[in-house]
Amino acid sequence: MYWDEAFDFTGRLDFLTNCIRKTKGDITRRLCTAAEITFYFTSLFGKEARDVNYLKPNKNCNLTYWPSGCEPGWGCSTSPNEKVVLDDSKRMPTRTEDCQPCCEGFFCPQGLTCMIPCPLGSYCPLAKLNQTTGICDPYNYQIPPGQLNHTCGSADTWADVGSSELFCPPGSYCPSPILKNPCTSGHYCLMGSTAQTSCYKLTTCKPNTANQNLRAYGIILIVVLTTLLLIIVNCSDQVLSVRERRAAKSREVAARQARETAQARERWKHATEVAKKGAIGLQQQLSRKFSRQKSKSQSQSEHALLPSVPPIPSASGQSSTDAKANKKDSSNLTKMMQSIDDNPNSPEGFNLKIGDKNIKKSVPPKGKQLHTNSQIFKYAYGQIEKEKALQQEHKNLTFSGVISMATDTDIKTRPVIEIAFKDLTLTLKGKNRHLLRSITGKFTPGRVSAVMGPSGAGKTTFLSALAGKVSGCSMKGSILINGKNESIHSYKKIIGFVPQDDVVHGDLTVEENLLFSARCRLSADMPKADKVLVIERVIEALGLQAVRDSLVGTVEKRGISGGQRKRVNVGLEMVMEPSLLILDEPTTGLDSSSSQLLLKALRREALEGVNISAVVHQPSYALFKMFDELILLAKGGFTVYHGSVKKVEDYFSAFGIVVPEHITPPDHYIDILEGIIKPNSSVSFEQLPVKWMLHNGYPVPPDLLHLCDGLETTSNSEQSFAGESRVTSADIQNAGDLSNRRTPGVARQYRYFLGRAGKQRLREAKLIATDYVILLIAGACLGTLSNVDDETFGSKGYTFTVIAISLLCKIAALRSFSLDKLHYWRESAAGMSSLAYFLSKDTVDHFNTFIKPLFYLSMFYFFNNPRSSFMDNYVVLLCLVYCVTGIAYIFAIYLDPSPAQLWSVLFPVVLTLVATQEQQSGFVKVIGNLCYPKWAIEALIIANAERYSGVWVITRCHSLMSTGYNLGHWTLCLELLILTGILSRFVAYFMLVTFQKK
């Protein structure tokens with residue numbers, strides 16, 4: 001096919017007509033047969049060829065016989081009696097008669113006596129003898145000495161561009177091998193052109209222009225892309241801001257209406273009570289004066305008196321002036337309250353039922369669904385105001401109880417989780433070091449328990465062991481869930497674990513963090529309005545109303561305060577309505593008021609039946625008294641006390657440890673356990689764990705028996721653990737879901753993750769813009785420094801391109817997973833979908849996959865100006881970016897940030913050097929063929945080489961053969977790049993779910 005393109009002379013046979021006239025019709029006896037052409041090109045590309053003029057000896061030209069037709073530019077004819085078959089590829093005819101210069105438009109190689117047509121894109125005029133140098137211009141061969149009748153002939157060789165003079169010169173075009181025309185104004189002509197090409201409108205092409213300058217289009221593309229990105233960033237930021245403002249306005253209006261509604265309800269209730277009291281008194285007076293026959297008219301007069309009852313001032317203490325100013329609103333509210341009393345099942349009636357099993361019952365009646373944000377906020381704030389009002393009357397009731405009383409319906413509370421543990425011991429694997437020793441007790445629902453002790457006592461380890469989050473340790477003892485031998489992982493959907501570090505997304509607002517956690521972890525059947533209600537409760541309970549629309553912030557970017565960030569960290573678990581809530585140092589870094597606010601919120605959760613336990617350091621006395629239970633641990637992981645906070649002082653004072661004045665009990669006990677204070681009793685601090693064991697009748701480990709001397713052995717009844725068994729890793733691995741909560745599926749979570757990742761990416765606009773600027777600079781530099789070499793088809797520039805794109809895109813792709821590892825570990829441990837998380841990150845990165853090649857090529861392509869089309873280069877770079885992004889995911893997930901960056905730099909450089917090494921051994925060649933840079937470079941070079949046809953066929957074949965590339969492999973190279981990207985993503989996802997932080 002490619003040879004047909006090189007010799008398709010349709011409509012360009014003028015040189016053939018001239019040759020027939022010159023040779024008097026025997027041109028067919030002078031043309032090379034298929035066997036001679038095969039002989040020529042085999043010798044040209046053979047290993048024995050020392051230069052382009054070397055041909056093996058043959059039957060017509062050899063050491064014994066060398067006619068003049070064997071000289072360059074000359075040829076001979078066959079005898080009239082010999083039959084010439086041009087497509088005979090086996091026999092070379094005898095051609096030694098009537099030797100003369102070859103016709104113009106043909107070339108006659110040295111060592112052959114036949115003529116070969118010059119290919120398209122060549123210029124093959126008859127040579128002229130340069131009297132000064134003795135060279136036949138323009139072909140640089142000499143006339144053989146001693147042959148006076150020998151003259152210059154036509155062209156002598158067709159080879160690479162650097163070794164042949166057949167190529168039509170740049171700035172001119174050659175429609176046939178014997179015609180050369182200069183390029184006119186407004187056109188350009190590359191080397192080897194058969195026609196002139198029109199220049200683009202924004203380029204200036206003077207006569208004899210070899211190539212057009214496309215830099216103006218590069219600048220235009222940069223401006224368009226930059227403008228588009230600025231529009232996207234600004235508009236998206238504006239959209240987010242508008243949505244936040246609308247939501248804030250809806251919240252404010254809903255909150256104001258809810259307060260006014262509650263106030264109006266209180267006024268109406270109070271007025272009704274006063275009217276009823278007045279009516280009863282009036283009826284008693286009238287009954288003594290009038291007969292029973294007039295009781296009916298009395299009843300009518302009582303009803304007539306009700307509207308005349310004066311309004312009762314509101315609880316907020318509004319003045320009469322305010323009441324007059326809001327007369328119209330008050331009348332509207334009165335009408336609304338009358339409608340509420342008449343229709344208690346309306347959306348204003350606050351019919352809410354908390355609990356996963358009753359979600360469907362809580363949906364408003366058909367025809368009254370809540371659709372808009374304003375309606376949802378109105379519903380949520382109305383519920384909150386109703387709960388507040390009822391809580392004032394029934395302070396000890398839970399939210400569920402309050403609403404149940406308001407609606408007169410029975411509801412089910414959250415499922416309860418009781419954790420009982422006996423003789424719990426934790427030992428480091430491979431070492432005889434105990435982290436916890438013989439801990440026995442239980443955490444009951446509806447109680448707030450504090451775990452305290454000196455540093456190194458194993459407080460965090462203890463709670464992590466109960467939550468099933470420890471590894472690298474061997475665990476002994478019994479852990480029962482609700483009295484059964486069940487794994488804690490079976491209830492992970494209703495268990496909240498607040499880590500010590502504030503693992504919160506800094507590039508999201510407070511409300512966005514809480515909303516995402518609620519969406520992914522609450523029941524999938526819960527209506528959106530009820531989820532908003534849960535979020536609003538948590539925000540109000542934690543005192544985050546003022547910063548709900550503020551970014552949390554990071555180390556580099558200032559956001560909310562540290563105390564507020566800590567409360568958001570706790571709120572992420574509260575919004576999922578857990579049955580068990582474990583907190584690791586939730587009050588660390590908080591002031592006294594913030595700590596009390598947090599504890600009040602936790603106690604409110606405990607009223608819902610939530611089992612709450614927390615590690616606490618140095619609480620104030622008021623904060624300490626807010627806890628129900630206390631576990632005091634000593635160094636080595638021993639229990640010193642486990643019981644009610646109210647009884648802890650009585651227990652220690654029984655054997656002489658009395659808390660001094662102005663010192664909180666836990667601080668005094670911890671100082672004793674640290675050895676800072678010596679107790680004024682017969683019990684030393686080393687004996688306190690043993691004292692607790694003996695007090696409760698627990699068995700004492702053998703290595704602690706020597707501490708029993710002098711201690712009383714009175715004991716209480718030992719706690720019962722029916723069905724006790726030891727905890728094994730197999731129980732954890734084979735745990736099924738017993739939480740009875742159906743959270744959103746992968747598809748729905750993917751939508752939530754995608755929305756979050758999109759917001760995060762939009763808020764990284766400056767960082768992304770920096771990446772694009774670097775790509776622009778790299779494209780301009782490489783496009784300018786590595787001009788296209790026609791002999792190698794721009795392989796140097798493409799090699800640098802593959803390295804630059806791989807390096808820059810890999811480093812940028814590392815940010816997708818390297819910076820979010822802690823957040824992912826927390827979310828996956830809470831039961832969120834790892835697949836949805838991974839796919840959302842990859843989906844958002846597809847934007848860069850499509851845009852980054854455009855930015856790079858907008859400079860490289862228009863500065864380098866290769867013959868391949870812009871689209872061909874874009875498609876190859878698109879596949880390359882997709883491939884290297886997947887490889888970067890592997891580095892980001894498996895390695896720490898610093899090693900991942902180092903590997904992202906070294907990996908593409910090393911693979912490119914291996915793939916482009918010229919002299920390769922068998923093993924290195926196999927490795928090179930498996931490297932993705934080899935496929936990318938081959939695809940780029942093939943796309944460029946396909947634009948070289950006609951006279952370029954020899955150059956193209958020689959270049960591709962030397963590098964091992966194949967013109968038919970362009971699609972295969974793209975498929976391999978895409979396949980590598982897909983496989984690397986599978987590997988990255990496998991590592992994401994397998995190699996978790998232990």
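None of these values were measured; they are calculated from a predicted model.
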Do you know which two heavy atoms are closest between [X] and [Y], and how far apart they sit?
| X | Y | value |
| --- | --- | --- |
| Cys883 | Leu977 | CB-O, 3.4 Å |
| Cys205 | Gln212 | SG-CB, 3.9 Å |
| Val85 | Thr33 | O-CG2, 3.5 Å |
| Cys973 | Ala939 | CB-CB, 3.9 Å |
| Leu221 | Phe862 | CD2-CE1, 4.1 Å |
| Pro908 | Trp903 | CD-O, 4.2 Å |

Thiol sulfurs of Cys168 and Cys189 closer than 2.5 Å: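 No, because the SG atoms of Cys168 and Cys189 are not under 2.5 Å apart, which misses the disulfide cut-off.
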Identified disulfide (SG to SG under 2.5 Å) counterpart of Cys114 within the set Cys76, Cys32, Cys108: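 Result: among Cys76, Cys32, Cys108, Cys32 is the only option passing the disulfide (SG to SG under 2.5 Å) with Cys114.
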Working for side chain to side chain donor-acceptor pair (under 3.5 Å), residues Thr184 and Gln196: CA-CA 8 Å; Thr184 60; Gln196 57 184 359; 3.2 Å; yes
Separation between CD of Glu71 and OG1 of Thr113, rounded to the nearest 0.5 Å: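 Taking CD in Glu71 and OG1 in Thr113, the distance rounds to 12.0 Å.
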Steps toward side chain to side chain contact (heavy atoms under 4.5 Å, CB included) verdict (Cys124, Tyr139): CA-CA 9 Å; Cys124 303; Tyr139 304 115; 4.1 Å; yes
Donor + acceptor pair across side chains of [X], [Y] (<3.5 Å):
| X | Y | value |
| --- | --- | --- |
| Asp14 | Thr17 | no |
| Asn62 | Thr64 | yes |
| Tyr40 | Asn58 | no |
| Ser806 | Tyr932 | yes |

Enclosure of Lys206 NZ (heavy-atom neighbours >12, cutoff 6.0 Å):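 No, because the 6.0 Å sphere around NZ of Lys206 holds 12 heavy atoms or fewer from other groups.
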Within 6.0 Å of NZ in Lys128, more than 12 heavy atoms from elsewhere: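 No, NZ of Lys128 has 12 or fewer neighbouring heavy atoms, counting only those of other groups under 6.0 Å.
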Pairwise side-chain contact, [X] with [Y], heavy-atom cut-off 4.5 Å (strictly under):
| X | Y | value |
| --- | --- | --- |
| Leu877 | Tyr882 | no |
| Thr151 | Pro101 | yes |
| Trp935 | Thr980 | yes |
| Leu190 | Asn211 | yes |

Pair Thr96-Asn60, side chain to side chain donor-acceptor pair (under 3.5 Å): steps then yes or no: CA-CA 7 Å; Thr96 57; Asn60 295 320; 5.7 Å; no
Salt bridge present between Glu36 and Lys90 (N-O < 4.0 angstrom):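 Judged by the 4.0 Å cut-off on N to carboxylate O distance, Glu36 and Lys90 do not form a salt bridge.
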Side chain to side chain donor-acceptor pair (under 3.5 Å) between Thr801 and Tyr856, intermediate numbers included: CA-CA 9 Å; Thr801 292; Tyr856 179 82; 2.8 Å; yes
Whether Phe41 and Trp158 hold their rings parallel, tilted or perpendicular, with breakpoints at 30° and 60°: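 Correct class here is perpendicular.
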Aromatic ring pairing Phe870/Tyr861, orientation class (parallel under 30°, perpendicular over 60°, tilted between):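 Because their plane-to-plane angle is over 60°, the rings of Phe870 and Tyr861 count as perpendicular.
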Phe167/Trp952 aromatic ring centres below 6.0 Å: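 Yes, ring centres under 6.0 Å apart.
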Residue list, salt bridge (charged side-chain N to carboxylate O under 4.0 Å, His left out) with Arg30, at least two apart or on another chain: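 Salt bridge (charged side-chain N to carboxylate O under 4.0 Å, His left out) check on Arg30 returns Asp26, Asp98.
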Pairs meeting criterion ring-ring contact (aromatic ring centres under 6.0 Å, His included) with involvement of residues 173-218, two or more places apart: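 Every ring-ring contact (aromatic ring centres under 6.0 Å, His included) pair that includes a residue of residues 173-218, provided the two are not neighbours, is Tyr200-Tyr217.
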Check against side chain to side chain contact (heavy atoms under 4.5 Å, CB included), Thr799 and Thr912: CA-CA 7 Å; Thr799 301; Thr912 304; 3.6 Å; yes
Check against side chain to side chain donor-acceptor pair (under 3.5 Å), Trp970 and Glu946: CA-CA 10 Å; Trp970 190 75; Glu946 284 183 338; over 6 Å; no
Qualifying residue, where the test is side-chain contact (heavy atoms from CB on, under 4.5 Å) with Pro933 and the options are Val909, Leu880, Val802, Ile805: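 Result: among Val909, Leu880, Val802, Ile805, Val802 is the only option passing the side-chain contact (heavy atoms from CB on, under 4.5 Å) with Pro933.
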